[in-house]
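Structure first, then comments.
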Amino acid sequence: MKHYCDFLIIGSGIAGLSYALKVAPHGRVIILTKSNLDETATHYAQGGIAAVMYDPDSYEKHIHDTIIAGAGLNNEKVVRFTIEESTERIKDLIEMGAMFDRNIEGDFDLAREGGHSEKRIFHHKDQTGAEIQRALTLQIREHPNITVLENYFAIEIITQHHLGVEITRRSPNITCYGAYVLNPNTGKVDTFISKLTLIATGGSGTVYGSTTNPVVATGDGVSIVYRAKGEVENMEFVQFHPTSLYSPGETPAFLITEAIRGAGAILKTIKGEEFMQKYDERASLAPRDIVARAIDSEMKLSGSDHVFLDARHLGKEKLLNHFPTIYAHCLSKGIDILRDMIPVVPAAHYQCGGIKIDEFGRNNIGNLYATGEVACSGLHGANRLASNSLLEAAVFSHRAAMHAIQAVHGVEQNINIPEWDSEGTVLNEEMVLITQTLRELNSIMSSYVGIVRSNLRLHRAFTRLNILYDETEELFKRSVVTKEICELRNMINVGYLIIRMAQDRKESRGLHYSLDYPPVK
Ligand code: FAD
Ligand code: SIN
């Protein structure tokens, strides 16, 4: 079956939906999402969205904090315009219906998080992402130009390769004509032909054994674009959030927002002693890479499976008002955060690298945009500052939309696209092959490509991953496409990119820490 539109959007988090609402007055929009519309990382965001609003904060301070966290690998021009546009994008979200908490004077109740020198985090209790997702979803559902297709899985973008032209990484003018997508109603692959395509598929945390990311975060967008010979960069910078709830077997790992440390909660060892001062003068409010490594080191020293976060002194009113989700979730696990310290452990959280984009969200593949966590804009450098992710998605989706509205007039829809070729495939009945390979991938990535790396660990990871790669490509060729085999293939591809880029980086910087290249003091 063929579908036609002006703007094809793959992904329904903040990046996809905010772009959709801006381009929709200018053409027909289709949003594809591989799960329900609101099953996204956006929905789970707790802490908030960073933006400059009041004195004594300033754009210069936020720019400075972002570059310090990013270990100087950020693109300074991108950092500057992203932060200078932050206030406008917050106003857009409010106009779209998102509500952020205010204090009794009626001003926004701004919170602070690690690495921020001022209070600048707009939040809705500890459910900021759910609030943004709610507001955007409401508008999307009512828009007459937008069609939402839930449980549709994008497999590949369509380029000249599918017209029989040989495409290599050096080919000029690679162009995207749309995407091949698994239709959940028929089990067949449909052809979506679009003038412009946005990849907004989010991150890839599920490549690791323990992650705060929802199950949809399988790195599909990066993998799809890399296979189509699009540029991808900085994949070695995987952010581990320092404080996920230590609750063995719980998937995804439940996040304990950094905002709780911003409010004064303190990290303590298994014996109840503070330790962060040993590692950084900003103590519990140091940037995430430093805090995650410090926790990793303390766990190794003590042989324990977790450390503690002590929020007891914050008091009932603060904890229940600002952090009701965390309070309720911990209580459901038998932990009363008013009386008990919270056991916490780092977990894979955010992909700083991704599809390489320019200042309007464009990749080297023509007619293709990417925004949100899937993209690498240059904002984060070697480590993302807390709450700069939702901001980046809002800023770049706006910029991409403004560009796309102009560009769409000059694009002819390519209608001579062949249907998906499924010749030679047979039914795949062996789910165990997929689940077992996924377990092996998770184990390789967590054991050898985690918070602390070395040449030997990366080499081991690469050798083992190669076996999984060969087996999975073989399986993919024989199988009728399913979401599961495609996701596995994409995750292995992302694992490969993380390892190869980590091997190429001969230094310790930001989130990439190698025992063979100790940081220069
Ligand atoms: P997502 O919101 O993840 O949406 C991705 C979409 O793509 C989903 O709809 C998914 O179904 C779809 N998709 C993926 N692959 C396919 C495919 N093959 N076919 C079709 N559809 C596909 N950041 C902050 O700035 N502040 C915070 O407080 C914060 N808290 C966080 C808390 C948690 C627990 C997590 C996990 C992340 C948090 N982050 C936070 C990070 C932030 O939430 C994400 O980076 C951001 O929401 C990503 O938005 P997105 O639109 O790019 O992707
Ligand atoms: C958190 O609330 O700690 C997550 C914030 C983020 O990932 O930016």
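Just so it is clear, the values below take in all heavy atoms, side chains as well, and ignore hydrogens, waters and symmetry mates. Every number for a ligand or one of its atoms is a count from 1 in the order of the listing.
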(request) Examine Ala259 against ligand 2 and note whether any of their N/O atoms are separated by less than 3.5 Å. (result) no
(message) Taking 4.0 angstrom as the limit and counting only heavy atoms of Ile10, give me the atoms of ligand 1 inside it, by number and element.
(response) 19 (N), 20 (C), 21 (N)
(message) For a quick test of reading the model, state the closest non-hydrogen atom pair linking Leu391 to Ser86 and the distance between them.
(response) CD1-CB, 3.5 Å
(message) Polar contacts were defined as any N/O atom of the residue lying under 3.5 Å from an N/O atom of the ligand; does this apply to Phe153 and ligand 1?
(response) no
(message) For a ring-ring contact (aromatic ring centres under 6.0 Å, His included) check, start with the C-alpha distance between His329 and Phe254, then their side-chain angles and the critical distance, and finish with the verdict.
(response) CA-CA 8 Å; His329 188 88; Phe254 181 76; 3.7 Å; yes
(message) I'd like to know if Asn388 contacts ligand 2, where contact means a heavy-atom distance under 4.0 Å to any ligand atom.
(response) no
(request) Identify, for atom 8 (O) of ligand 2, the protein heavy atom at the shortest distance, and state residue, atom and that distance. (result) Ser387 N, 2.6 Å
(request) Quick one: look up the protein heavy atom nearest atom 35 (C) of ligand 1 and list residue, atom name and how far away it is. (result) His349 CE1, 3.5 Å
(message) What protein heavy atom lies closest to atom 2 (O) of ligand 2? Include the residue and the distance to one decimal.
(response) Thr257 OG1, 2.6 Å
(request) Could you tell me whether ligand 1 has any atom less than 4.0 Å away from a heavy atom of Ser387? (result) yes
(request) List the closest protein heavy-atom neighbour of atom 15 (N) of ligand 1: residue, atom name, distance to the nearest 0.1 Å. (result) Asp220 OD2, 3.1 Å
(message) Within the structure, is a non-hydrogen atom of Gln239 found at a distance of less than 4.0 Å from ligand 2?
(response) no
(request) Tell me which protein heavy atom sits closest to atom 29 (C) of ligand 1, plus the residue, atom name and distance to 0.1 Å. (result) Ala45 CB, 3.4 Å
(request) Measure Pro252 to ligand 1 on non-hydrogen atoms and call it side chain, backbone, both or neither using the 4.0 Å cut-off. (result) neither
(message) Using a strict threshold of under 4.0 Å (side-chain N to carboxylate O), is an ion pair present between Lys477 and Glu473?
(response) no
(request) Indicate, as side chain, backbone, both or neither, the part of Glu373 found under 4.0 angstrom from ligand 1 when only non-hydrogen atoms are considered. (result) both
(request) If you have a sec, work out which protein heavy atom is nearest atom 2 (O) of ligand 1 and how many Å separate them, to one decimal? (result) Thr42 OG1, 2.5 Å
(request) Would you mind telling me if ligand 2 is within reach of the side chain of Leu390, the backbone, both or neither, using heavy atoms under 4.0 Å? (result) neither
(message) For ligand 2, which is the ligand I care about here, please tell me if Gln46 has any N or O atom under 3.5 Å from one of the ligand's N or O atoms.
(response) no
(message) Restricting to salt bridge (Lys or Arg N to Asp or Glu O under 4.0 Å), what partner residues turn up for Glu236, sequence neighbours left out?
(response) Arg505
(message) Could you identify the single nearest non-hydrogen protein atom to atom 34 (C) of ligand 1 and state the distance to 0.1 Å?
(response) Tyr44 O, 3.6 Å
(request) Tell me, yes or no, whether the heavy-atom count around Lys188 atom NZ, taken from other residues, nucleotides or ligands under 6.0 Å, exceeds 12. (result) no
(request) Among all protein heavy atoms, pick the one closest to atom 19 (N) of ligand 1 and tell me residue, atom and distance. (result) Ala154 N, 2.9 Å
(request) Please confirm whether His241 comes within less than 3.5 Å of ligand 2 when only nitrogen or oxygen atoms on both sides are compared. (result) yes
(request) Please work out whether any backbone atom (N, CA, C, O) or any side-chain heavy atom from C-beta onward of Arg288 is under 4.0 Å from ligand 2, and answer side chain, backbone, both or neither. (result) side chain
